[in-house]
Amino acid sequence: MQQRSPNGGGGLQSPRSPSSQPPFLSVSVSDPAKMGNGVQAYISYKVTTKTNFPEYQGPEKIVIRRYTDFVWLCDRLFEKYKGIFIPPLPEKNTVEKFRFSAEFIEMRRQALDTFVNRIASHHELQQSEDLRTFLQADEQTMERARSQDTGIFKKKPSDLMQIFRDVQSKVTDVVLGKEKPVEESNPEYEKLKRYIFELEDHLAEAQKHAYRLVKRHRELGQSLGDFGKAVKLLGACEGDALGTAFSELGAKSEMLSVKLQREAHHLLMNFEEPLKDYVRAVESIKGTIAERANAFRQQSELAEMIKLKEIDLNKLRLLRSEKMLDAEHEYEELKADGEEATKRFETIVRLMNEEIVRFQDQKTRDMGQAFHEFAKGQARLANAIADAWRSLIPKLDSLSVS
Amino acid sequence: MFKLRSSKKHFRRESTPPNQASFAHLYISDKSNRPDPREISSVYRSSSALKQRFFTLHTFIKFRPNLYTRHPIPAKIMITTQRSPTGGGGLQSPRSPSSQPPFLSVSVTDPAKMGNGVQAYISYKVITKTNLPEYQGSEKIVIRRYTDFVWLRDRLFEKYKGIFIPPLPEKSTVEKFRFSAEFIEMRRQALDTFVNRIALHHELQQSEDLRTFLEADEQTMERARSQDTGILKKKPYDLMQIFRGVQSKVTDVVLGKEKPVEESNPEYEKFKKYIFELEDHLAEAQKHAYRLVKRHRELGQSLADFGKAIKLLGACEGDALGTAFSELGAKSEMLSIKLQREAHHLLMNFEEPLKDYVRAVQSIKGTIAERANAFRQQCELAETIKLKEIDLNKMRLIRSEKLFDAEHEYEELKANGQEATRRFETIVRLMNDEIVHFQEQKTQDMGRAFHEFAKGQARLANAIADAWRSLLPKLDSLSVS
């Protein structure tokens, strides 16, 4: 487990763990099971935690969780750890008939497992109390926590996207006569934002075509299988050398059809899913970008208000108004809020800087691996196809010169 | 003398773009009659099957006498390997000058769209080169359309019962497909093959209708065509109907009809059963072969789209990752082209031969129907003759005045009976030869088609494997960075 820490060293930040064993937190999401019936049906997962963290109840714990529990955890972390790129969740699936297909369930289980493990490996996020609740609480507590958060204060990422779009709609505001909204003037950061937005478009496009590639492999495999069957029947009808040639051709076709279907599945799991994961990660980063913009705006607004309040205060001092005392009190409060807002913003900036570096490294590795899997799988399949057909050529040769 | 011009230097590798003409064939150049350069540069689309045949036939000493060939080009050099019932070579033309072996060489080229709207059709240039005395000259060019070929086929079917008439490509009913370049080219090739098979057949090549088709001006041709519509000649599908009638034994028994007469020839029964079974399985295989072509195209298209998207991704990223993306995208686009080429190669050199085989089997079914028809006529006449004989004897006994007429009718019937028997036996004799030849030719054609299939697929797969493997070292370095 690659733990990242700001000190650059390894290990979890847990001073009280026994020095005989390095601290560890290991989670797995397994055993999807269908619960309930009809429209209420859903999939539940077994979440197994093994740890020696003192904060945790014991060395091993197994709980049952469903998709909305993971969503709850994601939202809570997003709310509490602004500046950190929260690991992405797989999408909620809206196509009814696909919801319980074996492939979909397996892909979702993998993605959820990755999600929790990334949190458990993150030196900040792993200390979250919400994570502990998620990993240990009994089902009723979990359900209560989940329903409490619906509709109350917490902004969901979609709301933040809206805020972000507001911040970005400078032109519109200028046209409508509003003031230019405040934005950081940080060229490095501008570059990152532009990169993230461009990346999202291109990634989504690439992922869409990667999925189509998977589909085409399946279709080609299916057609090759049908073809093989038909040619074998032809071979049974003919006799002698020709019939044998037909039958062997048919058998090879059927064999290759199976290989194609396998490669389609391999492509899906080891290439298309990583691409999709990358897309989700970029969307999560956009959420963090929105948070940062929000914090910056709050800080700027407060700074403005403090300036105006200072002017007011000086006026009141000159007039020796009786409101001066209250005004001074408000001023002090504002200054405290201002410092708080500044601290929040600066924390986000600091965290994001580290996150960006980590993201670039991780992405290069993940994408490199995904493309490696792609090229390897394709080459392996192609070689198998070439060998199969070449093995037939001598026999077919003898037919055409007979 | 004829000079066989070797075109080895024009031999191209398998990745010949489909619309690039090439000279990868032999043709006979008669010094006294220089071929029109325009027609040389025209529409002989080469295919790797053709090239393979070229190398096989270049040492045509080894090449067995052959009645039909799939591709027209070999036909041209096979002047000395015409099949004849006597087993020798040469055309059956006693009057041809002994200095030059007789030859009849035809090509169908230069499809051109004529007319507009719903009346529009494609015309083809049919070029005949021959030294046969029955023909008007050493070279003739006429313009023919699809319905002219249909006319020729129907005439031959009517006149040469017992012979497997070479099949025609289908009439295309899908309007928008009718003038696509691919369809036109496939049809042109099939028509070229059709005429050449006729020109190579030792019986069919002597047909007067063939001469009309190859030489008559357009008005004569049109007149001949319209004369035959609706008159006596039964079209092959009419014969199919008769044949189905013959085959529906069970139905007739159920309906209380007499059992229709059928030959009791076990060998022939076996052959008929084989032909019917073959037709079903072939049609199925051909359908799936066509789907395979389609899937290759679709995979190629998706790979191209994917490559483009990945390249854009690479431009957006930087450094090693961006380079890796870009190279992956470039490889994808390159392989997409190879896939499209292989799809075309599959279509031309595999799916079309299969379709040709299907058509040939359907044509054979027509001949089977003709034989059944001739057999039935013979049997019916035999029955009629027997009854007439009984009648005749009766009349002789009672010394009827109708005796003379009856004797006359009886003699006529016997003559008809002999005629019917002769017709039937001719069909049987011809069919026996045809069946042997069909089996051989089919084995060769199918062997070649499947050879092309396996070769093309292997070639494509190796190219794909190489392309992806060449990327692996670079991708390796990414994932361990």
Side-chain angles (χ1 to χ4, degrees), chain A residues 195 198-199 202-203 205-206 208-210 212-213 215-217 219-220 222-224 226-227 229-231 233-234 236-238 240-242 245-246 249 361 363-365 367-369 371-372 374-376 378-390 392-393 396-402, chain B residues 52 56 274 277-278 281-282 284-285 287-289 291-292 294-296 298-299 302-303 305-306 308-310 312-313 316-317 319-321 324-325 328 440 442-444 446-448 450-451 453-455 457-469 471-472 475-481:
Chain A
Y195 161 73
E198 214 186 322
L199 187 63
H202 292 138
L203 260 182
E205 196 62 14
K208 177 177 87 174
H209 288 297
R212 276 212 202 127
L213 263 191
K215 211 161 76 116
R216 298 287 179 234
H217 275 74
E219 291 166 349
L220 182 60
Q222 184 60 48
S223 289
L224 203 51
D226 295 338
F227 173 75
K229 272 201 210 53
V231 173
L233 284 174
L234 203 52
C237 166
E238 303 272 7
D240 309 329
L242 190 59
F246 275 136
L249 197 102
D361 288 343
K363 156 194 65 144
T364 302
R365 258 204 307 276
M367 279 300 107
Q369 198 179 328
F371 282 122
H372 192 267
F374 174 84
K376 218 171 58 168
Q378 292 280 294
R380 194 172 46 220
L381 173 72
N383 277 132
I385 292 175
D387 291 343
W389 294 128
R390 287 208 190 283
L392 274 186
I393 288 176
L396 298 171
D397 260 335
S398 62
L399 273 182
S400 37
V401 297
S402 64
Chain B
Q52 184 166 333
T56 312
Y274 161 73
E277 215 186 319
L278 187 62
H281 290 137
L282 261 181
E284 197 61 15
K287 178 178 88 175
H288 288 296
R291 274 210 204 129
L292 263 190
K294 213 163 76 120
R295 299 282 180 237
H296 275 72
E298 291 167 348
L299 181 60
S302 290
L303 204 50
D305 294 340
F306 172 74
K308 267 198 213 53
I310 292 290
L312 284 175
L313 203 52
C316 165
E317 303 272 8
D319 309 328
L321 191 59
F325 276 135
L328 198 101
E440 290 170 0
K442 154 196 68 146
T443 302
Q444 263 183 32
M446 279 302 107
R448 194 174 340 123
F450 281 122
H451 192 269
F453 174 85
K455 224 173 52 167
Q457 292 278 295
R459 197 172 45 221
L460 173 72
N462 276 132
I464 293 175
D466 291 343
W468 294 129
R469 287 207 189 283
L471 275 188
L472 284 174
L475 297 171
D476 261 336
S477 62
L478 272 182
S479 37
V480 295
S481 66

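Order of the sequence lines fixes the chain letters, A, B, ..., with proteins taken first and strands second; residue numbering starts at 1 for each chain. Keep in mind that the numbers below use all heavy atoms, side chains included, and drop hydrogens, waters and symmetry copies.
- The minimum heavy-atom distance between B/Ala454 and A/Trp389, with the atom names listed, is O-CB, 3.5 Å.
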Go through the steps for A/Leu233 and B/Glu284 under the test side chain to side chain contact (heavy atoms under 4.5 Å, CB included), then give the verdict.
CA-CA 9 Å; A/Leu233 284 174; B/Glu284 197 61 15; 5.8 Å; no
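- Nearest heavy-atom pair across B/His451 and A/Ile393 is NE2-CG2, 3.4 Å.
- Smallest separation of non-hydrogen atoms from A/Val231 and B/Phe450: CG1-CZ, 4.4 Å.
- Residue contact with chain A, scored on non-hydrogen atoms closer than 4.5 Å, involves the side chain of B/Leu328 exclusively.
- The structure places CD of B/Glu277 at 9.5 Å from CG of A/Leu234, a figure rounded to the nearest 0.5 Å.
- When each of B/Leu282, B/Ile464, B/Leu292 is scored by its heavy-atom pairs under 4.5 Å with chain A, the top score falls to B/Leu292.
- In plain terms, the two heavy atoms of B/His288 and A/Phe227 that are nearest each other are CB-CA, 3.7 Å.
- If you take CG on B/Leu472 and NZ on A/Lys376, they are separated by 8.0 Å, rounding to the nearest 0.5 Å.
- In this structure, chain B has heavy atoms under 4.5 Å from both the backbone and the side chain of A/Ala210.
- In plain terms, the two heavy atoms of B/Ala461 and A/Ala386 that are nearest each other are CB-N, 3.6 Å.
- Ring pair B/Phe306/A/Phe374 is tilted by interplanar angle, where 30° to 60° counts as tilted.
- In this structure, B/Asn462 and A/Asn383 have side chains that are in contact, with non-hydrogen atoms separated by less than 4.5 Å.
- Ranked by heavy-atom pairs under 4.5 Å with chain B, the list A/His202, A/Lys229, A/Lys208, A/Lys215 is led by A/His202.
- Residue A/Lys363 places its NZ atom among more than 12 non-hydrogen atoms of other residues, nucleotides or ligands, all under 6.0 Å distant.
- Using a 4.5 Å heavy-atom threshold, the side chains of A/Leu199 and B/Leu313 count as touching.
- Applying the 6.0 Å contact sphere to CG of B/Asp319 captures no more than 12 heavy atoms from other residues, nucleotides or ligands.
- Contact annotation for A/Leu220: both backbone and side-chain heavy atoms come within less than 4.5 Å of a heavy atom of chain B.
- Heavy-atom distances place the side chain of A/Leu242, and not its backbone, under 4.5 Å from chain B.
- Residues B/Met446 and A/Glu238 form no side-chain contact, since every pair of their non-hydrogen atoms from C-beta on lies 4.5 Å or further apart.
- In terms of heavy-atom pairs under 4.5 angstrom with chain B, the leader among A/Arg380, A/Met367, A/Glu219, A/Arg212 is A/Glu219.
- Atom CZ of residue A/Arg390 and atom CD of residue B/Gln457 lie 11.5 Å apart, to the nearest 0.5 angstrom.
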